[in-house]
Amino acid sequence: MTPARRLVRAGSLLAFVGLWQLLTAQRVQCWVRFDHLPTAVQVWQAFAARLGTAEYWQDLTESLRRIGCGFLLAALLGVAAGVVTARSRWASDLLGPVLEVVRPVPAIALVPVAIMLFPENEQGIVFITFTAAFFPVLVATRHAVRAVPPLWEDAVRTMGAGRGRVLRSVVLPGALPGVVGGLSVGIGVAWICVISAEMVSGQFGVGYRTWSAYTVLDYPGVFVGMATIGLLGWATSGAVELLGRRLTSWLPPARAGAPTAPARTEPAGPATVTAVAPGRQEARV
């Protein structure tokens with residue numbers, strides 16, 4: 001990223017904070033009421049105070065541990081299920097209907113199920129986080145595998161490669177950009193649901209502490225929690241995208257204005273022979 005782009009991005013954040021400070025400090029009421037919100041300065045002061053407490057870092061550690069466990073399980077099982085359902089007709093017929101019925105159910109709606117299934121709240125929160133990230137990874141992987149051109153597989157099979165070699169050398173590398181996109185979406189959805197689950201049944205964590213601040217009318221503390229969630233989501237999404245760029249570094253770089261496909265050339269037709277004189281022939285292409 002160029003320095004100019006970094007400057008523009010930093011300027012957009014500063015402009016947002018400045019507008020927030022202006023609207024809240026002036027207690028603007030124009031359909032949307034800003035007079036009850038804390039100012040940006042108040043939130044910053046509360047954030048600086050929270051940074052010096054052990055409670056804040058404990059909550060941070062708990063949330064990261066939960067998101068790490070749930071997302072790692074979702075990544076492994078989601079990619080595996082996506083590949084299997086895309087490559088096997090039997091797996092698609094057996095697992096597909098069940099997955100498609102469960103997929104529209106919001107992960108946060110599974111909180112009562114998690115409470116009944118697992119003896120501890122900790123396991124239930126990880127389960128909800130896993131469920132939230134699993135389906136975006138599954139769907140992205142399935143579509144990416146199905147989008148791999150059959151011509152690539154046929155070219156490798158003609159050289160004697162078996163199904164395992166085709167899967168390792170063609171299908172998985174070809175589907176990798178789509179899989180990375182699913183992982184990036186999955187980590188964002190996982191953060192939404194882990195925070196919601198912590199608010200409902202957690203004892204520690206950023207979501208639990210944010211809800212606790214709201215119950216005691218500590219509105220700057222609520223915004224500290226929101227800012228922490230945003231920063232954590234930004235950092236983890238960036239880490240997933242960085243890992244994806246490293247894994248797909250073999251792909252050609254996209255260039256602005258570059259053609260998306262090679263230009264087609266018409267094959268040369270057979271030469272036509274026209275008699276021009278006895279004993280002479282002229283070839284025309």
Judged by atom type as modelled, is there a donor-acceptor pair below 3.5 Å linking the side chain of [X] to the main-chain atoms of [Y]?
| X | Y | result |
| --- | --- | --- |
| Q42 | T39 | yes |
| Q29 | F34 | no |
| D59 | G205 | yes |
| T215 | S212 | yes |

Practice item. For the pair V222 and W211, evaluate side chain to side chain contact (heavy atoms under 4.5 Å, CB included) and give the outcome as yes or no after the intermediate values. Key: CA-CA 7 Å; V222 173; W211 182 254; over 6 Å; no
Point to revise | Full working for side chain to side chain contact (heavy atoms under 4.5 Å, CB included) between E241 and V180 | key: CA-CA 7 Å; E241 293 180 2; V180 171; 5.9 Å; no
**Study point:** Residue among R65, R66, R209 satisfying salt bridge (Lys or Arg N to Asp or Glu O under 4.0 Å) with E198
**Key:** R66
Grouping I, L, V, M, F, W and Y whenever their side-chain heavy atoms are under 4.5 Å apart, do [X] and [Y] come out in a common cluster?
| X | Y | value |
| --- | --- | --- |
| F118 | L110 | yes |
| V105 | F127 | yes |
| L73 | L95 | yes |
| W191 | W234 | no |
| V126 | I128 | no |

Measure across [X] and [Y] and return the closest heavy-atom pair with its distance rounded to 0.1 Å.
| X | Y | value |
| --- | --- | --- |
| V43 | P38 | CG2-CG, 3.9 Å |
| Q21 | V41 | OE1-N, 3.1 Å |
| A132 | P136 | O-CD, 3.2 Å |
| T129 | A190 | CG2-CB, 3.9 Å |

Rounded to the nearest 0.5 Å, what separates atom [atom1] in [X] from atom [atom2] in [Y]?
| X | Y | atom1 | atom2 | answer |
| --- | --- | --- | --- | --- |
| T53 | L51 | OG1 | CG | 7.5 Å |
| I187 | T236 | CD1 | OG1 | 4.5 Å |
| S237 | L242 | OG | CG | 12.5 Å |
| I125 | I195 | CD1 | CD1 | 10.0 Å |
| Q123 | E120 | CD | CD | 5.0 Å |
| F204 | L60 | CZ | CG | 14.5 Å |

Review point. So, S63 versus Y208: side-chain donor-acceptor pair below 3.5 Å or not?
Key: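 Per modelled atom types, S63 and Y208 side chains form no pair under 3.5 Å.
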With a 3.5 Å cut-off and sequence neighbours excluded, list the donor-acceptor pairs that the side chains of residues 139-151 form with protein atoms.
residue: T141; atom: OG1; partner: V137; partner atom: O; Å: 2.7
residue: R142; atom: NH1; partner: E100; partner atom: OE2; Å: 3.3
residue: R142; atom: NH2; partner: E100; partner atom: OE2; Å: 3.1

Exercise for review: Scan W44, Y214, W20, F47 and name whichever one has a ring-ring contact (aromatic ring centres under 6.0 Å, His included) with F223.
Suggested key: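 Of the listed residues W44, Y214, W20, F47, the ring-ring contact (aromatic ring centres under 6.0 Å, His included) partner of F223 is W20.
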Exercise for review: Tell me, with the steps shown, if H36 and R27 meet side chain to side chain contact (heavy atoms under 4.5 Å, CB included).
Suggested key: CA-CA 8 Å; H36 294 298; R27 299 185 178 276; over 6 Å; no
[X] side chain near [Y] side chain, heavy-atom distance below 4.5 Å:
| X | Y | result |
| --- | --- | --- |
| R5 | T2 | yes |
| L72 | F130 | no |
| R87 | V171 | yes |
| L172 | V179 | no |
| F134 | L99 | yes |

Practice item. Would you check, one step at a time, whether the test side chain to side chain contact (heavy atoms under 4.5 Å, CB included) holds for L138 with T85? Key: CA-CA 9 Å; L138 164 70; T85 53; 4.3 Å; yes
Practice item. Scan T210, V194, V111 and name whichever one has a side chain to side chain contact (heavy atoms under 4.5 Å, CB included) with M199. Key: T210
